[in-house]
Amino acid sequence: MKLLIVDDSLIVRNTIERNVRHAEITEILQADNGILALQLFNQHHPELVTMDLTMPHLDGIACLQEIQKNGPPASIMVISAINSHRTAMDAVARGACGFLVKPFTPPELIEAMNDLILHAKENGYQYDA
Amino acid sequence: MPNSVASQFEVPSGTDDGFENEKEQTPVSPPTSSLSSLSTLAELPGYSTILDLNSLGEHLGRLFSEHPDLPGVILLDQNHFAGVISQTHFYKCISRAFGREIYYRRPAAIMLAEMKDQPLILSADCLIPVAVEQCLTRPSDSIYEPFLVYTPDSEKYRLCDVQILLLASSQIAALRNRQMEQILNSVTDGLLVIDRDFRIGGEYSKVLGKIFERDDLKDLPLPEVLEPLLDSTTHEQLHDYLKILFNPKLIDRLIKPINPVKQVSARFPSTDTDREQRTKHFAINFERIRTQAEITQVLVRIEDITQQINLAIELAHQEAAAEEKLHLVMQVLQVEPSALNRFTLRLHEEIAAMDQLLALKNGSQNPRETVHALFRKAHTLKGEASLLRLTAHERKLHQLEDKLEPMRSAPQLKTDDLAALKPSLKALQRLAEQINQALEQLKSFAPSTQNQANALPSTHPTVETGLMEKLARFIADLTERLHKPVVFHTTVTDAVLPEAHMEILYDSLIHLARNSMVHGIESAEERATRGKNPTGIIQLELRSHPDCDEIIFQDDGAGLNYDKIRRRVLRLGWVIESDDELRQAIFEPGFSTADSVTELAGRGVGLDAIRSALQKVGGRIIPHSEPGAYCAFQILLPKVPPSLHV
């Protein structure tokens, strides 16, 4: 499975990448803004996405909407500081299947990622091979 | 039936009549005492009555009439399993016309040939409810046929009766219900189950009656029960969240963070004895119950955490009071001592004057004039407090103004209205006394005026120099308190900072100065041993460029401790690849922790808050450091703040 990490902080992206080594994940892509995220998503069709909500250019909610509109279905986890109930509801309405709240610890991230991979498998999102 | 298992049956040998009744027990009913929801088929009685395939039908007849409970007989064909003839099937055969004549005189094989289905075989470790489901999902005409239980350890088969299985199952269900009832009556958490319409199921824990102060919860929608207790926003959010809970596409663990009632206050109407509205605090958590791909029910756990919360609130109040005192000390520190003296003196005088105005007897003065006089005094004092940045005083005076404002234009004024102002005046008085206390506390470590004069740059009073003076005083104070000799140099090159940036800049610089003084600059002894001048240097440089203002804050202390930062980053599990990223890490939320908190540093705003405040006005902060030599922060601010943010 492919994982797309979307976050404007390099530190957060790298932290996610290093901590989610999982036998199921064969390729990891990174995007530091919503527009690049969309390009990478449409090119590579990742089954798994972690999405920051506050980003330059195209924010997380708009990015989720575009992904839902065009791309193949994916298991998308929002990794962000959740500032408002409305934003969280918007994210769910646009296809996010859960939230990991920043700041998170590596064990929390690993547990969340295992759940996300399981979710992708159960829903039959497996586009490589 | 595969051949491999057939050899498990032994043909009874040496018997006269060709069969031997090997019945192990005479079951009437299943054991009642030991059954539990984890009971297996091994705990049910069974029969191992075996006959040869060629035995005559009349042997079967004799067997069934002698043992009316016998559910059936296992038939073997030369040591190999051939099948099972149940009692039901036997009587069905012989009750046909001439049945007795046909089947009694012929081998049992004939009756077996008329059995439609192979018997159901279940393992002895199969749970009783699972066995019930297996038996009841057989074709309808063979639902009540006996089934075989295979015990792998002893490699034996037994024949079990469905009726006994169902009896056992109902006993387990009854036991479970009793246990459930006991649990629901004794558990201290409020437990209930809601369905897709959010309606509360009939079984819920007894304590909920106490929590909600009502006992009619059955079938009511949970949001309806909570509606009068919650504020409308939370209630709306709860409704949204309940909808989300029943969405099977979402991941259980990953929707818990957005639970709006994880901790929630509930208002209860007043009781007869107590006229006040009561507030309880609940922690409400949800567990989704999945059946196949759907969420059919949600288990709701409601804890009454009022006591814990009240305790926490009380602690927070105490802490806030202590914090406010500290804040006042810090504010007082930043005010010119003579100006502060003048202000406190005036504050005391004016409060006394206001008190007198209020105390004047009826008729001796027009109430409206009194209000006007009070308002003028409060307003003037507020202006003075604001100039000195004594925000606590400014706030209190503002509150007093707010009370006076409507009275100024009120058509009629009574002396009672004036009496209502007394508490505000009292609060102001307390605050004035607190300044005195703070000043007393400060006397013990106040810098000598000599030192202060050295630290102050002698420039014209502008916004910039005001900022620098405050910073100089702050550093001078810390110099005394920490016994670290430091000189503060400032350089201003044509810098005219926008007023809008002053507060952010001031907060940032105070924070950086505090960090420098506590962590950066080494003690005089340590500096001497490192070959440094025992007196540390802190420099502030303001520079204007065509497109931005540049502020450089630098100390000649120990510099950033990369090892310590790296260790911290590792502990947080962050991934850092270069020194530049390491320097950036100190600005990430969550970097600074309690272990770096001392009385002076690490409190209040962190570097992350500074960076985001600067970013909000389009600014940047860039760290530079050489370990052992210096640490500098370069702040860049745009000339004109983006209108969006200001």
Side-chain angles (χ1 to χ4, degrees), chain A residues 5 8-21 30 48 50 54 56 73-93 95-120 122-123 125, chain B residues 231-262 264 288 290 292-293 565 568-578 580-593 606 608 611-612 615-616 618:
Chain A
I5 301 170
D8 58 347
S9 159
L10 179 67
I11 292 176
V12 173
R13 287 201 307 277
N14 284 348
T15 301
I16 296 173
E17 171 152 358
R18 288 297 164 84
N19 280 294
V20 298
R21 298 244 162 98
Q30 289 195 4
L48 310 167
T50 75
T54 47
S75 295
I76 305 171
M77 161 164 65
V78 168
I79 301 188
S80 184
I82 309 292
N83 299 319
S84 83
H85 173 78
R86 186 72 1 246
T87 313
M89 293 300 138
D90 281 351
V92 167
C97 56
F99 300 86
L100 180 63
V101 178
K102 282 183 192 170
F104 53 84
T105 65
E108 284 168 352
L109 173 67
I110 292 165
E111 275 186 339
M113 190 54 70
N114 288 342
D115 283 357
L116 196 69
I117 290 168
L118 202 66
H119 183 269
E122 280 172 1
N123 285 284
Y125 307 156
Chain B
D231 66 76
S232 61
T233 314
T234 311
H235 182 256
E236 227 166 86
Q237 292 179 352
L238 172 70
H239 209 274
D240 286 344
Y241 187 66
L242 289 178
K243 271 192 258 174
I244 278 185
L245 281 174
F246 283 92
N247 179 345
K249 283 263 174 195
L250 305 180
I251 298 172
D252 291 353
R253 189 204 314 277
L254 300 184
I255 50 174
K256 287 189 179 170
I258 57 167
N259 172 4
V261 289
K262 239 181 291 185
V264 73
R288 312 199 297 166
R290 239 175 235 271
Q292 271 123 32
I565 298 174
R568 173 78 190 135
V569 159
L570 273 177
R571 218 178 22 251
L572 289 166
W574 295 352
V575 176
I576 302 289
E577 276 165 347
S578 65
D580 185 46
E581 280 178 44
L582 207 58
R583 278 190 292 273
Q584 289 300 328
I586 61 175
F587 294 109
E588 287 293 323
F591 178 81
S592 70
T593 55
D608 61 321
R611 183 176 65 170
S612 57
Q615 279 175 342
K616 257 196 199 133

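By convention in this document, chain letters (A, B, ...) are assigned in the order of the sequence lines, proteins followed by strands, and residues within each chain are numbered from 1.
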Indicate the atoms forming the closest heavy-atom contact of [X] with [Y], along with that distance.
X	Y	answer
B:Gly573	A:Asn19	O-ND2, 3.4 Å
B:Asp240	A:His85	OD2-NE2, 3.3 Å
A:Phe99	B:Ile258	CE1-CD1, 3.3 Å
A:Ala112	B:Leu254	CB-CD2, 3.5 Å
B:Gln584	A:Ile11	C-CD1, 4.4 Å

#### Entry: Residue part contacting chain A, namely of B:Ala585, when any heavy atom lies under 4.5 Å
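B:Ala585 touches chain A through backbone and side-chain heavy atoms alike.
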
### Message
For B:Lys249, is there any backbone N or O sitting under 3.5 Å from a side-chain donor or acceptor partner on A:His119?
### Response
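Looks like yes, one N/O pair under 3.5 Å.
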
### Query
Are any non-hydrogen side-chain atoms of B:Ile251 and A:Leu116 less than 4.5 angstrom apart?
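Yes, close enough: below the 4.5 Å cut-off.
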
Considering only heavy atoms, which portion of [X] lies under 4.5 Å from any heavy atom of chain B: side chain, backbone, both, or neither?
X	answer
A:Ala96	backbone
A:Ser75	neither
A:Glu111	both

### Task
Let me see the working for A:Asn14 and B:Glu581 under side-chain contact (heavy atoms from CB on, under 4.5 Å), right down to the final yes or no.
CA-CA 11 Å; A:Asn14 284 348; B:Glu581 280 178 44; 4.0 Å; yes

What distance do [X] atom [atom1] and [Y] atom [atom2] have between them, rounded to the nearest 0.5 Å?
X	Y	atom1	atom2	result
B:Trp574	A:Ser9	CH2	OG	8.5 Å
A:Asp115	B:Asp252	CG	CG	8.0 Å
B:Leu572	A:Thr15	CG	OG1	9.0 Å

Can you tell me which of [options] forms the most heavy-atom pairs within a distance under 4.5 Å of chain B?
options	result
A:Lys102, A:Arg86, A:Met77, A:Met89	A:Met89
A:Leu109, A:Leu10, A:Ile16, A:Leu118	A:Leu10
A:Gly98, A:Ala88, A:Cys97	A:Cys97

### Query
Among all residues two or more places apart in sequence or in another chain, which pass the ring-ring contact (aromatic ring centres under 6.0 Å, His included) test with B:Tyr241?
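Checked B:Tyr241 against ring-ring contact (aromatic ring centres under 6.0 Å, His included); matches are B:Phe286.
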
#### Entry: B:Glu236 atom CD: more than 12 heavy-atom contacts under 6.0 Å
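No, not enclosed.
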
